[in-house]
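For reference, the structure is listed below as structure tokens.
First the proteins, then the strands, lettered A, B, ... as listed; each starts at 1.
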Amino acid sequence: MIEFLLDGHSREATYMQLIRQVKQALRVGMLEPGDQLPKVREVAESLAINPNTVLKAYRQLEIEGLVEGRVGVGTFVRRSLSRPTLVTHGALRRDLEAWLDRVFAAGLDEEEVVALVETTLRAVFQEDRFRQGREGIA
Amino acid sequence: MTSALETTDLGKRYGRDWGLRGCSLRVPVGSVAALVGPNGAGKSTLLHLAVGLLKPDEGEVRVFGKAPGDSRELLEQVGFVAQDTPLYPDFTVAELVKLGSKLNRTWDDDLAVDRLGKLDIPLDRKAGRLSGGQRAQVALVLAIAKRPRLLLLDEPVAALDPLARREFMQALMGIVADQGTTVLHSSHLLGDVERTCDWLVVVRKGSAQVVGSVDELLAEHRTLIGPRTREGEYSGVGTVLRESHTDKQTTLLVRTGGPIHHPAWNVSDVTLEDLVLAYLADPNAAALPGPVSLPQRGVGA
């Protein structure tokens, strides 16, 4: 069973945050087919949010074929989003941890790390797209 | 969608002043609605009219299609928690529950005792000796033990500390999930409103300024950021609710008629807080369902 967390400062709508968290759990294998999602009432009460918001998130996940509601029982995972790449996550994570050790040793703080990762990601993605664009023309 | 509460040109006069006038709004069955507005806007007056504690001087108020105060059946379907959650201070919690069971034809004693037990509220404690948070929780339990279809709450958490406030909202959302109760609660806490409400009513100076589904309202409003544009030169962005300018940049909050394609504008979503504050700051703006005469703004306004 997963537990939802809300970011009160996020501009993202509450139901989108719930959807994103379920998908993330599906991607990393924390949720697998057959697993049950927290009950609507429990989510509404623990997060102090409108039960309709939870229903809306679950309905959207159902439309996408990821979960199914069983009347009177609950909502269950139908399909995983984890890909074969999941097996490499462990090794990549160890690399990342080693890299983070170096980063912190160099004196960067958490915000600077996040900024560095985000700007690098953006730059790499843009280069990729640029290259693909040129190859498309050539 | 049927209405739990509907008012038409509702008015209530206090001496020579109108506490509420020309107020038309609705709250659909099954919604959790927020009643928002500045102090003195008429929120408490509206709630007292809805529960039948006040009589309208003008217009109509209907709860599940009937005028409140006329029928005993209707009164049983409405729960009300007044501002500052008043309780008889010399009664113990157990005595308050007993009083409730004697005064109401429909009363679920198990529900009351079960909820109070879960909250760890001592039944033998006098109401006057409870903490603010406990008092609010007891008032909520007393209001829902008669299993109302509509629950009216007048600033239930205004005086509570953040933890007690959260516990109260958790209890309230649990009740909505269990019983499907329609809720209308007045609040100044827009963060709470954003998380808990799917229907919004903004009142200002005695009448309704914004009425509608939160999702639809958020979908209709956008923040636009673009290069400095002179007032009156925005075209095709919809109704401008708020504008601010620096020497390089213009920021607008607009109610759009559709997608904005103009490349000069960087378009982003608004929060409910942005939206409410923009309307409260602009007494001429309104977002109401149906044919409403919106003042001609946006162009040179």
Which pairs would a plain distance check flag for residues 48-55 of chain A, meaning a side-chain donor or acceptor within less than 3.5 Å of a matching protein atom at least two apart in sequence or in another chain?
unit_1, atom_1, unit_2, atom_2, d
A:N50, OD1, A:N52, N, 2.9
A:N50, ND2, B:T196, O, 2.9
A:N50, ND2, B:D198, OD2, 3.0
A:N52, ND2, B:D198, OD2, 2.9
A:T53, OG1, A:N50, O, 3.4

Would you be so kind as to tabulate the donor-acceptor pairs closer than 3.5 Å made by side chains of residues 102-117 of chain A, with sequence neighbours excluded?
unit_1, atom_1, unit_2, atom_2, d
A:D109, OD1, A:E111, N, 3.3
A:D109, OD1, A:E112, N, 2.9
A:E112, OE1, A:D109, N, 2.9

Table please: side-chain donor-acceptor pairs of residues 208-220 of chain B below 3.5 Å, with sequence neighbours left out.
unit_1, atom_1, unit_2, atom_2, d
B:Q209, NE2, B:Y279, O, 2.9
B:Q209, NE2, B:D282, O, 3.0
B:Q209, NE2, B:A285, O, 3.0
B:S213, OG, B:D215, N, 3.4
B:S213, OG, B:E216, N, 3.1
B:D215, OD2, A:K56, NZ, 2.5
B:E220, OE1, B:R255, NE, 3.1
B:E220, OE1, B:R255, NH2, 3.2

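Around atom CZ of A:R78, no more than 12 heavy atoms belonging to other residues, nucleotides or ligands sit under 6.0 Å away.
A:L6 and B:R195 get closest at one heavy-atom pair: CD1-CD, 4.2 Å. Contact between A:R41 and B:D178 at its shortest, heavy atoms only, is NE-OD1, 2.5 Å.
Contacts with chain A were tallied for B:G174, B:C197, B:S31, B:G30; B:G174 has the most, counting heavy-atom pairs under 4.5 Å.
No donor-acceptor pair under 3.5 Å is formed between the side chain of A:E45 and the backbone N or O of B:M173.
Within residues 179-188 of chain B, no residue has any heavy atom under 4.5 Å from a heavy atom of chain A.
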